[in-house]
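All values below come from the heavy atoms of this structure, side chains included, with hydrogens, waters and symmetry mates left out. Keep in mind that what you see is a predicted model, and the values were worked out from it rather than measured. Counting starts at 1 for both ligands and their atoms, in listed order. If you read the sequence from its start, that first residue is 1, and numbering goes on from there.
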Amino acid sequence: MKIGVTCYPTYGGSGVVATELGIELAAREHQVHFITYQQPFRLTGREHGIFFHEVAVTNYPLFQYPPYDLALASRMAEVAEFYQLDLLHVHYAIPHSVSALLARQMLEAKGIRLPFITTLHGTDITLVGQDPGYLPITRFGIDQSDGVTSISEDLKRSTVRDFEITRPIEVIHNFVNCSVYQRNEDLVRELRPQYAEPHEKLILHLSNFRRVKRIDDVVEVFARIAQHVPARLMLIGDGPDRSLAEHLALKHGIQNRIHFLGKQDSVQDLLPLGDLMLMPSSMESFGLAALEGMACGVPCIATRVGGVPELVEDGINGLLYNVGDVEAMASGATALLTDPTRLSRMAAAARQTAQDKFCTTRIIPHYEAFYEKVLAG
Ligand code: GMT
């Protein structure tokens with residue numbers, strides 16, 4: 001198949017899923033064309049079967065807001081016609097589904113068929129999409145899609161409830177390549193000493209540091225853990241709340257125990273170094289970061305929100321808490337970190353969950369089957 005893909009190419013879960021899906025599809029001999037304003041960050045540009053088409057947005061003094069959505073629609077139609085794409089797959093409804101709808105109509109006028117699939121990722125429904133300025137157009141884009149997928153059952157329920165969508169929505173969970181994301185003992189021996197002493201525990205957090213991730217809770221929980229257990233915190237990612245984390249680290253006097261790594265390309269090399277991950281988000285439609293950690297044998301302390309319980313089974317492969325309950329999270333984490341038998345049992349269960357339920361070998365065929373279904377009409 002020849003598939004056009006549009007996503008947000010910078011750091012963020014939906015872009016990661018779109019890019020990893022493109023890589024996996026290309027490895028299965030599909031041709032994948034990314035149509036985005038920038039090359040997606042997990043691509044090198046040299047992958048076999050993957051092409052990148054930049055969307056250039058021309059500015060003009062008249063435009064207070066350059067019309068990116070139109071430039072995108074136009075580029076989608078051009079690429080689809082030139083490369084004879086079979087379908088478009090857009091990740092994150094706003095504004096991608098509406099641009100895809102325009103591209104489909106542009107080609108329809110020329111007698112060319114270009115069905116499009118919209119994958120809902122989370123904040124496009126639970127946050128941004130709820131804005132009255134965006135809700136009607138988002139609902140329209142979803143309704144007009146030839147196929148719609150959601151990354152969790154919970155997100156599907158929210159979409160049906162809040163957007164009054166009646167059309168079918170296929171749930172296809174986030175996935176991880178379990179051969180890439182796994183614990184490599186040699187690498188752990190080589191890299192871990194850079195971040196923690198042998199007797200210290202290494203706690204991880206990976207996100208885009210937006211409000212919804214509750215970075216303040218990450219630091220608060222870590223500060224409490226560090227009072228009882230020799231530990232370090234590795235913060236991977238960057239975003240608006242990074243300075244809040246720095247401020248809290250200084251307030252608790254733990255700045256020397258925290259590694260602020262910023263944005264990283266090869267998180268698969270860093271995640272296996274950790275003993276435990278923290279994901280105290282106020283909302284998480286799935287929690288891809290937790291899945292990537294779990295595949296590396298790192299269980300997660302997470303919040304009982306959105307689609308997280310579809311991934312994290314409380315007490316089995318991780319621990320779940322109410323949003324904002326930093327005391328409970330800290331004491332749960334401390335108890336786990338000081339019980340090596342329970343910690344390693346949970347780490348093994350986390351890896352097992354990733355392998356059994358969310359591995360690429362399971363999920364990618366689901367996407368391929370869905371593409372076939374949409375193409376069949
Ligand atoms: O919150 C993010 O990290 C960004 C956001 C996005 O759309 O880029 O992530 C969402 O999509 C991920 C991949 O499908 C999910 O795993 C995340 O749970 C989801 N984030 C939220 O719902 C807050």
K.L.:
Under 30°, 30 to 60°, or over 60°: which ring-plane class applies to Y83 and H33, parallel, tilted or perpendicular?
P.N.:
tilted
K.L.:
Using 0.5 Å steps for rounding, measure from the CG atom of L311 to the SG atom of C300.
P.N.:
8.0 Å
K.L.:
Report each N/O pair between ligand 1 and the protein that falls under 3.5 Å, naming both atoms.
P.N.:
| from | atom 1 | to | atom 2 | distance (Å) |
| --- | --- | --- | --- | --- |
| ligand 1 | 1 (O) | K213 | NZ | 3.0 |
| ligand 1 | 3 (O) | N208 | ND2 | 3.2 |
| ligand 1 | 3 (O) | K213 | NZ | 3.2 |
| ligand 1 | 7 (O) | S14 | OG | 3.2 |
| ligand 1 | 8 (O) | G13 | N | 3.3 |
| ligand 1 | 8 (O) | S14 | N | 2.9 |
| ligand 1 | 8 (O) | S14 | OG | 2.8 |
| ligand 1 | 11 (O) | H121 | O | 3.3 |
| ligand 1 | 14 (O) | H121 | ND1 | 2.6 |
| ligand 1 | 14 (O) | N174 | OD1 | 3.3 |
| ligand 1 | 14 (O) | N174 | ND2 | 3.1 |
| ligand 1 | 16 (O) | N174 | OD1 | 2.7 |
| ligand 1 | 16 (O) | G287 | N | 3.2 |
| ligand 1 | 16 (O) | L288 | N | 3.0 |
| ligand 1 | 18 (O) | E284 | OE2 | 2.7 |
| ligand 1 | 18 (O) | S285 | N | 3.3 |
| ligand 1 | 18 (O) | F286 | N | 3.1 |
| ligand 1 | 18 (O) | G287 | N | 3.0 |
| ligand 1 | 20 (N) | E284 | OE2 | 3.2 |
| ligand 1 | 22 (O) | S285 | N | 2.9 |
| ligand 1 | 22 (O) | S285 | OG | 3.3 |

K.L.:
Is F82 atom CZ crowded by more than 12 heavy atoms from other residues, nucleotides or ligands, each under 6.0 Å away?
P.N.:
no
K.L.:
Assert yes or no for the condition that the ring centre distance of F222 to H252 is strictly below 6.0 Å.
P.N.:
no
K.L.:
Does a salt bridge link R211 with D241, judged by any charged N lying under 4.0 Å from a carboxylate O?
P.N.:
yes
K.L.:
When the aromatic ring centroids of F286 and F358 are compared, is their separation below 6.0 Å?
P.N.:
yes
